[in-house]
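In each ligand, atom 1 is the first atom listed, and ligand 1 is the first ligand listed. Below, all heavy atoms of this structure are taken into account, side chains as well, without hydrogens, waters or symmetry copies. Numbering of residues begins at 1 and proceeds along the displayed sequence. Predicted, not measured: the structure shown is a model, and the values here were computed from it.
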Amino acid sequence: MLVNIIGSGIVGLSVAFELALSGHRVKIITRNYEEGASWVAGGMLAPFSEGLGGDMLSLSIDSLKLYDDFVYKVKDISNHTIFYRRDGILRVLVDDEVARFQNLAQDYSSMGFSYEMLSVEALRKDYPLLSEEFDKAILFKDEGNVDAQQLMDALIFALHRLGVQIILDEVIEVKKEGKRIKCVKGFKDTYNGDFFVFTPGAWGNAHLDIPVYPIKGQILKIRGLDIDRVHYSRIAYVIPKESYVLIGATSEDVSFDHRRTVAGVRALSNNAVRLIPSIDRCEFVEVNVGFRPATPDEMPIFDRGDNYVVSAGHFRNGILLAPVSSKIVLDIVERGLESEYFRIFSSERFPNGNHTDKAKKEY
Ligand code: GLY
């Protein structure tokens with residue numbers, strides 16, 4: 001099959017990767033393949049630390065289970081290094097979260113995932129850099145941490161090796177007839193094919209009738225902090241990579257305002273120093289901006305027609321959800337198998353269609 005993928009964030013690239021591996025001819029059409037939030041994402045694989053539940057938890061767990069294999073394949077085909085750890089995330093709790101997270105941890109454990117509720121003594125001994133303001137934390141042992149930028153680089157490289165064409169073009173119209181895409185028109189060319197996959201990221205409402213809108217995140221990069229494991233708290237998350245540490249992230253409903261702001265840097269630095277005081281003495285490297293693709297209920301959208309799939313609105317969890325999102329597409333294209341997630345995460349749950357402005361105000 002000739003498959004056109006519109007969009008080049010982690011979901012678009014992962015879908016292209018799996019389809020190309022299965023022998024399909026794949027083209028990616030993108031305005032700018034370095035524009036997506038994936039390039040600056042924290043890369044935490046953290047469904048438990050995020051406190052997810054219900055269908056969103058099931059989807060995330062399905063993806064977490066695919067992650068080892070996904071990273072292994074991308075590494076193997078790209079021959080690139082990808083920083084990837086699965087040794088857990090320390091979820092630092094503030095007082096009003098304790099009871100909720102104790103219950104959640106028990107639920108997760110009953111599903112077969114491991115956790116450890118740390119005593120104050122263990123916390124002080126094993127995490128000596130953590131501020132003494134915090135004395136409760138859970139180690140979610142199955143969670144992970146991937147360098148999203150390295151993963152994106154490796155995917156681009158792997159796609160080149162697999163013969164995937166990445167075409168720089170801006171979509172101006174999606175021509176649809178009933179439940180079929182006739183073609184996608186760009187400024188430079190018109191794209192025909194057997195199948196289309198729309199992975200539009202935060203730009204989801206531009207040509208598709210879905211309520212997706214950007215939530216800006218600013219994220220700091222620092223150096224000189226010696227921690228091994230992600231420290232995730234409600235006020236800040238500190239994410240060690242191979243040669244630097246990320247501190248995330250602001251959450252701003254300001255459309256596509258790409259400015260790095262003093263207020264953003266100040267809030268992130270203050271919160272991070274409150275969590276780990278020695279961050280004050282670290283080297284400040286840079287601050288980056290990304291736009292999370294949000295929906296009104298903060299859950300993704302999976303829609304399908306006769307010859308297309310929409311995979312959108314991954315919001316805070318695009319990196320985590322990439323493997324399951326590509327499996328969902330692969331199952332349709334290869335086996336005609338429709339995942340139950342199309343029913344659960346259909347855009348029909350938003351009965352007013354693409355009321356992005358309304359969704360934004362209610363957010
Ligand atoms: N996944 C964390 C964030 O979006 O800030």
**Asked** Is the number of heavy atoms from other residues, nucleotides or ligands under 6.0 Å of Phe342 CZ greater than 12?
**Response** yes
**Request:** Considering heavy atoms of the protein only, find what lies nearest to atom 4 (O) of ligand 1 and give residue, atom and distance to 0.1 Å.
**Result:** Arg292 NE, 2.7 Å
**Request:** Name the closest protein heavy atom to atom 5 (O) of ligand 1, giving the residue it belongs to and the distance to 0.1 Å.
**Result:** Tyr237 OH, 2.4 Å
**Request:** Could you list the atoms of ligand 1 found under 4.0 angstrom from a heavy atom of Ala249?
**Result:** 5 (O)
**Prompt:** Would you call Asp68-Arg86 a salt bridge at under 4.0 Å N-O?
**Reply:** yes
**Asked** Salt bridge between Glu116 and Lys141, side-chain N to carboxylate O under 4.0 Å?
**Response** yes
**Item:** Min N/O separation Arg316 to ligand 1 under 3.5 Å
**Value:** yes
**Request:** Would you kindly check if the NZ (Lys) or CZ (Arg) of Arg91 is within the cone defined by 45 degrees around the ring axis of Phe101 and under 6.0 Å from the six-membered ring centre?
**Result:** yes
**Message:** Under 4.0 Å, heavy-atom basis, I'd like to know which part of Phe315 is in contact with ligand 1: side chain, backbone, both or neither.
**Reply:** neither
**Item:** Qualifying residue, where the test is ring pair (Phe, Tyr, Trp, His ring centres under 6.0 Å) with Phe113 and the options are Phe48, Phe140, Tyr108
**Value:** Phe48
